[in-house]
Amino acid sequence: MPDWIQIIIRAISLLVILFLFTKWLGMKQLSQLNIFEYITGIVLGGIVAIHVSTLESPIHFALISMFIWFIIPYLVELISLKSKAFRNFTQGKSRVVIQNGKIMEDNLKKEHYSTDDLLESLRERNIFKVADVEFAVLEPTGKLNVLPKRENRPITAKDLTLTLAPDREPQTVIMDGKPLLEPLANISLNPTWLETELEKMNVSIENVFLGQVDSDGQLTVDLYDDTLVIPSPSQKPLLLATMKKCQADLELFALATDNEMTKQMYQRNSEKLQKAIDHISPYLR
């Protein structure tokens, strides 16, 4: 067999095995890898590179080496899940670098983390004064997590004692011009509803690059043709306008009738509907 064919076969087979080993070891971003996982990744890649280009080395040597470098990290991960002490040893542990607004200089030295490193990490989180920080912890991955002082945190609805409507994650119902049935079923909708909404926008599904439905049941789309103008979702404003129209009609009916009992009925229902409008208006804007 020609050498170039052997190289192709080795490269494809070892790459597939490396991919499977990486999947079994678990998915983490590069910034989340600890020292042991980082070294393992480099060594596995090196083994593949060496045995792909070195035809004198039997391929089963590569498989044995890769298996050893797979099984050891795999066992380390299993033991780490069961032992906090072992996890601290292999993965490291978090270290507090700012507590109660004060910098912990000794902890910075233990992590070989300079003052410039600390200030740079704070600036990455739009914090330019150490005095604005209540608490900061340096994770084993090198990431700095920061808790600003209360007066420097963004105001939330809870701080304002506001009650907000429940919010669900948006569902992608159209992708690359094709409907996705499972996300539609997750929000109790069907393709007929989707076709109706697209007709309201005067858009064909083949021209839709991406379509999503939010927690309020409103469909928003992005088209392949960016020159087309799409109307904004109008379900919530339309519902609010319809409720206001009904309330106004009840008041009008109360003024138009001479029957006292009927007039009172219209007035009571008008007041109830007005209360409902006042209650729901913040959610429909």
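- Here the CE-CG distance, from Met265 to Asn259, works out to 9.0 Å after rounding to the nearest 0.5 Å.
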- [ ] Kindly determine whether Val133 and Lys149 satisfy side-chain contact (heavy atoms from CB on, under 4.5 Å), including the steps that lead there.
- [x] CA-CA 5 Å; Val133 179; Lys149 291 184 177 179; over 6 Å; no
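- Judged as a salt bridge (Lys or Arg N to Asp or Glu O under 4.0 Å), and not counting sequence neighbours, Lys82 has no contacts.
- Proximity of Glu134 to Asn100: side-chain heavy atoms (C-beta onward) are separated by under 4.5 Å at one or more points.
- The distance from the CG atom of Asp106 to the NZ atom of Lys110 is 6.5 Å, given to the nearest 0.5 Å.
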Open item on the list: Is there a side-chain contact (heavy atoms from CB on, under 4.5 Å) between Val137 and Arg95? Walk through the geometry before answering.
Closed with: CA-CA 6 Å; Val137 59; Arg95 198 175 295 275; 5.8 Å; no
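- The shortest side-chain heavy-atom distance between Lys272 and Lys275 does not fall under the 4.5 Å cut-off.
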TODO: Evaluate the criterion side-chain contact (heavy atoms from CB on, under 4.5 Å) for residue pair Val76 and Phe86; output intermediate values, then yes/no.
DONE: CA-CA 9 Å; Val76 167; Phe86 186 78; 3.9 Å; yes
Open item on the list: Under the criterion side-chain contact (heavy atoms from CB on, under 4.5 Å), I'd like the reasoning laid out for Leu144 against Val97: C-alpha separation, chi angles, the key distance, then a yes or no.
Closed with: CA-CA 9 Å; Leu144 184 70; Val97 294; 3.6 Å; yes
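- Counting heavy atoms from C-beta on, the side chains of Lys143 and Leu138 never come closer than 4.5 Å.
- Residue pairs meeting the ring pair (Phe, Tyr, Trp, His ring centres under 6.0 Å) criterion with at least one member in residues 166-193, sequence neighbours excluded, do not occur.
- You'll find the side chain of Phe135 stays beyond 4.5 Å of the side chain of Pro148, heavy atoms only.
- Under the 4.5 Å side-chain criterion, counting only non-hydrogen atoms from C-beta, Glu111 is not in contact with Asn107.
- No path of Ile, Leu, Val, Met, Phe, Trp and Tyr side chains, each step under 4.5 Å between heavy atoms, connects Leu181 with Met175, placing them in separate hydrophobic clusters.
- Relative ring orientation between Tyr266 and Phe253 is described as tilted, the plane-to-plane angle lying within the 30° to 60° band.
- Considering all non-hydrogen atoms of both residues, Lys263 and Ala254 come closest at NZ-O, 2.6 Å.
- Residue Ile155 qualifies as open at atom CD1: its count of foreign heavy atoms under 6.0 Å is 12 or below.
- Counting only distance, with no hydrogens or angles, the side chain of Ser83 and the backbone of Ile79 share no donor-acceptor pair below 3.5 Å.
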Task: Stepwise salt bridge (charged side-chain N to carboxylate O under 4.0 Å, His left out) test for Arg123 and Glu120 - done: CA-CA 5 Å; Arg123 287 195 297 270; Glu120 179 183 350; 5.5 Å; no
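- Residues Leu210 and Ile174 form no side-chain contact, since every pair of their non-hydrogen atoms from C-beta on lies 4.5 Å or further apart.
- Within a 6.0 Å radius of OH in Tyr224, other residues, nucleotides and ligands contribute more than 12 heavy atoms.
- To the nearest 0.5 Å, atom OG of residue Ser281 and atom CD of residue Gln274 are 8.0 Å apart.
- The closest side-chain heavy-atom distance from Leu198 to Val221 is below 4.5 Å.
- Rounded to the nearest 0.5 Å, atoms CG (Asp132) and CZ (Arg153) are 12.0 Å apart.
- When only modelled atom types and interatomic distance are considered, Gln247 and Glu251 share a side-chain donor-acceptor pair under 3.5 Å.
- Within the model, atoms CG of Leu239 and NZ of Lys244 stand 11.0 Å from one another, a figure rounded to the nearest 0.5 Å.
- Using modelled atom types and a 3.5 Å distance limit, the side chains of Asp159 and Thr156 yield a donor-acceptor pair.
- Taking the side chain as every heavy atom from C-beta outward, Thr115 and Glu105 never approach each other to under 4.5 Å.
- With Asn207 contributing its side chain and Leu223 its backbone, the two residues share no donor-acceptor pair below 3.5 Å.
- In this structure, a donor-acceptor pair under 3.5 Å is absent between the side chains of Ser114 and Asp116.
- For residues 171-185, the pairs satisfying side chain to side chain donor-acceptor pair (under 3.5 Å) are Glu169-Gln171, Thr172-Gln212, with sequence neighbours left out.
- From Leu119, atom CG reaches atom CD1 of Ile103 across 7.0 Å, with rounding to the nearest 0.5 Å.
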